[in-house]
Amino acid sequence: MSSKLIGIGVGPGDPELVTVKGVNALRAAEVVVVPVMAAPDGKDGGEPGRAEATVLHYVPEEKVVRVVFALNERTDRGRREAAWDAAGTRVAELLRRHASVAFATIGDPNVYSTFTYLAQTIGELVPGTVVETVPGITAMQDLAARSGAVLTEGTEPLTLVPVTAGAAVLKDALNGPGTVVAYKFGRQAHEVAEALRVTGRLADAVWGSALGLEGESIRPAADLDGEPLPYLSTLIAPARRDGKRGGKL
């Protein structure tokens, strides 16, 4: 029988935001892989990531396997590719020994997730592996709930932008008609604040980091002072609205 690889979204950090289906899938899998960041020497950096910390609320530590990924590596392509190959090989070994392997990812496994690349690699290394995903709550949903920002109304579009693609991409989205959500903007906080000012979207925007965790910060975007923020910071710039109920139906 083919082994099964299951990508499970475990939410943005608050362990209470893992779905019942996600918890059941974590517990049913024979092993649960969690991604960890590489140290400068390419080895396990030792610090538990958000996914691992969340998973340990629901499964015993001995069931969890830490696998090093080149998370956030954008400059050294060779180092990134080597890390991906090593991670894929490690997970492939697990799949050859276990009927079901879960991979825990923050947020949702189909939204800017490490799991996407892992699944592609496994498809080449272990042909016939069944790949499934369990959706998870995203950072934008959590920030909207915690801040009171409404993501969409009526016919408004919603645009999700990773600021790692450049502040110009965010500015183009902010010039549009709907709500804009920016991910991974912490290192470019100054450019993001400027884009909000130039497009007239600063007043209603809100940002958050470490959602549901110790050190959580949720503040108006107008408070951005240009200082770098945590990498996994999220911004919501709501659509321009006239305040009338159902105005965009």
Side-chain angles (χ1 to χ4, degrees), residues 1-37 47-67 69 71 87 91 94-95 97-120 122-123 126 129-153 158 160 162 179 181 183-184 206 208-218 230 232-234 236:
M1 293 180 64
S2 299
S3 293
K4 182 184 294 185
L5 176 65
I6 311 167
I8 303 174
V10 295
D14 183 345
E16 292 186 347
L17 291 181
V18 184
T19 66
V20 173
K21 185 170 185 176
V23 171
N24 289 339
L26 288 170
R27 290 173 173 167
E30 293 184 10
V31 296
V32 179
V33 172
V34 294
V36 296
M37 292 185 67
E47 291 294 323
R50 292 192 191 183
E52 180 179 0
T54 302
V55 164
L56 290 175
H57 280 79
Y58 298 105
V59 301
E61 186 175 1
E62 56 268 23
K63 186 175 175 176
V64 176
V65 176
R66 294 164 58 92
V67 175
F69 285 80
L71 302 172
V91 175
L94 293 171
L95 283 163
R97 301 201 314 266
H98 299 279
S100 60
V101 174
F103 180 89
T105 178
I106 59 172
D108 182 277
N110 294 302
V111 180
Y112 298 130
S113 171
T114 306
F115 181 74
T116 301
Y117 311 118
L118 175 64
Q120 292 173 347
I122 291 301
V126 192
T129 299
V130 176
V131 177
E132 297 179 356
T133 58
V134 177
I137 292 173
T138 61
M140 65 177 167
Q141 292 170 288
D142 194 16
L143 178 57
R146 294 176 185 275
S147 68
V150 176
L151 285 170
T152 54
E153 292 183 359
L158 173 65
L160 177 59
T179 293
V181 174
Y183 275 1
K184 306 176 183 178
V206 63
S209 63
L211 300 173
L213 304 172
E214 184 178 355
E216 174 183 88
S217 182
I218 298 173
L232 292 177
S233 293
T234 299
I236 297 176

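Counting begins at 1 with the first residue of the sequence.
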Trainee: Before you tell me yes or no, could you show the steps for Thr234 and Val181 under side chain to side chain contact (heavy atoms under 4.5 Å, CB included), namely the whole-Å CA-CA distance, both residues' side-chain angles and the distance that decides it to 0.1 Å?
Mentor: CA-CA 7 Å; Thr234 299; Val181 174; 4.1 Å; yes
Trainee: Looking at CZ of Phe69 and CZ of Phe115, how far apart are the two atoms once the value is rounded to the nearest 0.5 Å?
Mentor: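 Those atoms lie 10.0 Å apart.
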Trainee: Hey, does Ile8 have a side-chain heavy atom less than 4.5 Å from the side chain of Thr133?
Mentor: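 Counting from C-beta outward, Thr133 and Ile8 never come under 4.5 Å.
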Trainee: For a side chain to side chain contact (heavy atoms under 4.5 Å, CB included) with Thr54, tell me which candidate from Leu213, Leu26, Val18 qualifies.
Mentor: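 For Thr54, the side chain to side chain contact (heavy atoms under 4.5 Å, CB included) check succeeds only for Val18.
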Trainee: Can you name the nearest heavy-atom pair linking Ala51 to Ala104, along with the distance?
Mentor: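 For Ala51 and Ala104, the tightest heavy-atom pair comes out as CB-O, 3.7 Å.
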Trainee: Side-chain contact test, heavy atoms from C-beta onward, threshold under 4.5 Å: evaluate it for Thr114 versus Phe103 and give yes or no.
Mentor: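 Thr114 reaches Phe103 side chain to side chain.
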Trainee: Look up atom CG in Leu151 and atom CD in Gln141, then write down how far apart they are to the nearest 0.5 Å.
Mentor: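 The CG atom of Leu151 sits 7.5 Å away from the CD atom of Gln141.
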Trainee: I want to check something: taking the side chain as every heavy atom from C-beta on, are Val91 and Ile122 in contact at a cut-off of under 4.5 Å?
Mentor: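 Yes - at least one pair of side-chain heavy atoms lies under 4.5 Å apart.
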Trainee: So does Arg27 get a backbone contact from the side chain of Lys63, meaning a donor-acceptor N/O pair under 3.5 Å?
Mentor: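 At least one qualifying donor-acceptor pair exists.
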Trainee: Just wondering, do Leu160 and Val111 contact through their side chains at under 4.5 Å, heavy atoms?
Mentor: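 In contact.
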Trainee: Start with the C-alpha gap between Arg66 and Val33, add the side-chain angles, then the distance that decides, and say whether side chain to side chain contact (heavy atoms under 4.5 Å, CB included) holds.
Mentor: CA-CA 6 Å; Arg66 294 164 58 92; Val33 172; over 6 Å; no
Trainee: Under 3.5 Å, is there a donor-acceptor pair between the side chain of Ser233 and the main chain of Pro230?
Mentor: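 Side chain of Ser233 to backbone of Pro230: a pair is present.
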Trainee: Parallel, tilted or perpendicular: which describes the rings of Tyr183 and Tyr112, with under 30° parallel and over 60° perpendicular?
Mentor: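 It falls in the perpendicular class, over 60°.
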Trainee: Within a strict 4.5 Å, meaning less than it, do heavy atoms of the Val134 and Ile6 side chains meet?
Mentor: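 Yes. Closest side-chain heavy atoms under 4.5 Å.
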Trainee: Quick one: CE on Met140 to CG on Leu211, what's the gap to the nearest 0.5 Å?
Mentor: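 Spacing of CE (Met140) from CG (Leu211) equals 13.0 Å.
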Trainee: Assess, by modelled atom type and distance only, whether the side chains of Thr129 and Ser3 contain a donor and an acceptor separated by less than 3.5 Å.
Mentor: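 No, Ser3 and Thr129 have no side-chain donor paired with an acceptor closer than 3.5 Å.
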Trainee: Is the shortest side-chain N to carboxylate O distance from Glu216 to Arg146 below 4.0 Å?
Mentor: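 Salt bridge flag = yes for Arg146 with Glu216.
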Trainee: What distance do Leu118 atom CG and Thr105 atom OG1 have between them, rounded to the nearest 0.5 Å?
Mentor: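 Going from CG on Leu118 over to OG1 on Thr105, the span is 10.0 Å.
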Trainee: Closest approach of Ile236 and Ala149, non-hydrogen atoms and distance?
Mentor: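 Closest approach of Ile236 to Ala149, heavy atoms only: CG2-CB, 4.2 Å.
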Trainee: Working to the nearest 0.5 angstrom, can you tell me the gap between Ser209 OG and Leu232 CG?
Mentor: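 Here the interatomic distance stands at 9.5 Å.
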Trainee: Determine whether Leu143 and Ile218 make a side-chain contact, defined as any pair of heavy atoms from C-beta on separated by less than 4.5 Å.
Mentor: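 Leu143 vs Ile218: side chains touch.
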Trainee: I'd like to check Val64 versus Val59 (side-chain heavy atoms, cut-off strictly below 4.5 Å). Are they in contact?
Mentor: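 Val64 reaches Val59 side chain to side chain.
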Trainee: Are Asn24 and Val20 packed together at the side-chain level, in the sense that at least one heavy-atom pair is separated by less than 4.5 angstrom?
Mentor: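 Side chain of Asn24 against side chain of Val20, heavy atoms only: contact under 4.5 Å found.
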Trainee: Shortest non-hydrogen contact from Ser100 to Ala29?
Mentor: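 For Ser100 versus Ala29, the nearest heavy atoms are OG-CA, 3.4 Å.
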Trainee: Hey, does the side chain of Lys4 reach the backbone of Leu95 with a donor-acceptor pair shorter than 3.5 angstrom?
Mentor: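 Not at all, since once roles are kept as given, no pair shorter than 3.5 Å links the two residues.
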Trainee: Quick one: does any side-chain atom of Ser2 pair with a main-chain N or O of Val130 as donor and acceptor, under 3.5 Å?
Mentor: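 Absent.
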Trainee: Assess, by modelled atom type and distance only, whether the side chains of Asp108 and Thr138 contain a donor and an acceptor separated by less than 3.5 Å.
Mentor: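 Note: Asp108 and Thr138 side chains miss the donor-acceptor criterion.
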